[in-house]
Amino acid sequence: MSTLIRRAASSMHPMFLHNQCNLERIRSRDIHTSGLYCFDLLKTPKGFQRFVDEAIERMMSTELVSYVSGMPSSAEIIKAMDEISDAVCSVVDSAELCRHTHPDREFVVEANKASLRINEYLHYLNTNHILYNAVMKVEKDPNVLSEEAKRAAHYLRVDFEKGGIHLAADKLDRVSQLHIDIAHLCRE
């Protein structure tokens, strides 16, 4: 999952943060009508918390994880994983860019909170056996025609395993807690 997120994070210029963002709004920098990085929720610093809530809700309410658990076709699994990644990336990219560049301390503080929270949720996703098993299914599927889908499945599996998905439950919990602790320490 973090492979898809790292891919998106490499182009953190505000123009690339949201594909529905109106280029004229960016050029005019009219954040009062459109919100920071053209996300309507980011008109105020507190909007970051709602932004995280809505991203998590979007992943849960559309039941993407539940959908993937039904083991649809490989193409549908990759598409669902990409939707999950898009939801996470929109928050991660915006929060990280704001944390590092925004002149208003209140925006930076709220972006930091949002970043920590979405990263904790990402750890939940990275330790989800349903998602891991679906990715394994795609990687083993001889009918996957697209090289891009094969690569995506491979890198997703590797990321899951780097996160310890293959470990016993107690060790996986420990690895997850260490990831969260590291994220918190990096922000101090």
Side-chain angles (χ1 to χ4, degrees), residues 1-13 15-21 37 39 51-97 114-183 186:
M1 185 76 63
S2 63
T3 295
L4 294 175
I5 291 171
R6 268 188 256 112
R7 177 191 63 190
S10 67
S11 58
M12 291 192 353
H13 188 278
M15 260 195 276
F16 299 112
L17 288 175
H18 194 260
N19 61 4
Q20 296 174 355
C21 190
Y37 313 126
F39 287 107
F51 196 34
V52 174
D53 291 340
E54 286 193 9
I56 292 171
E57 185 179 313
R58 190 167 55 245
M59 286 180 269
M60 300 309 281
S61 69
T62 57
E63 299 175 353
L64 287 170
V65 174
S66 296
Y67 176 71
V68 170
S69 72
M71 293 295 181
S73 73
S74 292
E76 291 169 333
I77 290 171
I78 292 295
K79 183 176 186 239
M81 296 296 286
D82 194 47
E83 287 180 41
I84 291 169
S85 178
D86 286 348
V88 172
C89 286
S90 64
V91 176
V92 169
D93 289 351
S94 299
E96 288 301 306
L97 183 61
S115 179
L116 284 170
R117 200 156 147 241
I118 198 70
N119 277 304
E120 287 176 7
Y121 188 74
L122 181 59
H123 288 297
Y124 157 76
L125 292 173
N126 284 337
T127 58
N128 185 304
H129 287 276
I130 292 169
L131 296 176
Y132 177 67
N133 291 335
V135 167
M136 294 286 291
K137 174 193 172 199
V138 173
E139 193 174 31
K140 292 176 182 176
D141 185 351
N143 298 317
V144 174
L145 300 175
S146 160
E147 282 300 315
E148 183 178 12
K150 288 177 187 175
R151 273 193 312 276
H154 171 76
Y155 288 121
L156 284 167
R157 179 188 54 79
V158 168
D159 280 347
F160 275 111
E161 291 172 356
K162 282 180 183 176
I165 191 92
H166 59 291
L167 299 173
D170 60 329
K171 290 182 180 178
L172 179 57
D173 289 343
R174 178 72 178 132
V175 168
S176 294
Q177 188 56 53
L178 287 171
H179 280 291
I180 292 168
D181 291 347
I182 289 167
C186 286

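Side-chain contact between I78 and V135 is absent, with no heavy atoms from C-beta onward closer than 4.5 Å. Residues L131 and I77 form no side-chain contact, since every pair of their non-hydrogen atoms from C-beta on lies 4.5 Å or further apart. Side-chain atoms of S176 and H179, non-hydrogen and from C-beta on, never get closer than 4.5 Å to each other.
Minimum interatomic distance between L172 and G164 (heavy atoms only, all atoms of both residues): CD1-O, 3.2 Å. In terms of heavy-atom proximity, F160 sits nearest to N128 at CE2-O, 4.1 Å. Nearest heavy atoms, V175 versus G163: CG1-O, 3.4 Å. What you find for F51 and S90 is that their closest heavy atoms are CE2-O, 3.5 Å.
Residue pairs meeting the salt bridge (charged side-chain N to carboxylate O under 4.0 Å, His left out) criterion with at least one member in residues 130-141, sequence neighbours excluded, are E139-R157.
Side-chain N or O atoms of T127 include one that pairs as donor or acceptor with a backbone N or O of H123 at under 3.5 Å.
In summary, E83 and K79 engage in a salt bridge, as defined by a charged side-chain N under 4.0 Å from a carboxylate O.
Using modelled atom types, one finds a donor on one side chain and an acceptor on the other under 3.5 Å when comparing Q177 with D181.
Between K150 and the choices H154, E148, E147, the side chain to side chain contact (heavy atoms under 4.5 Å, CB included) rule is met once, by E147.
Rounding to the nearest 0.5 Å places CG of N126 at 4.5 Å from CG of L122.
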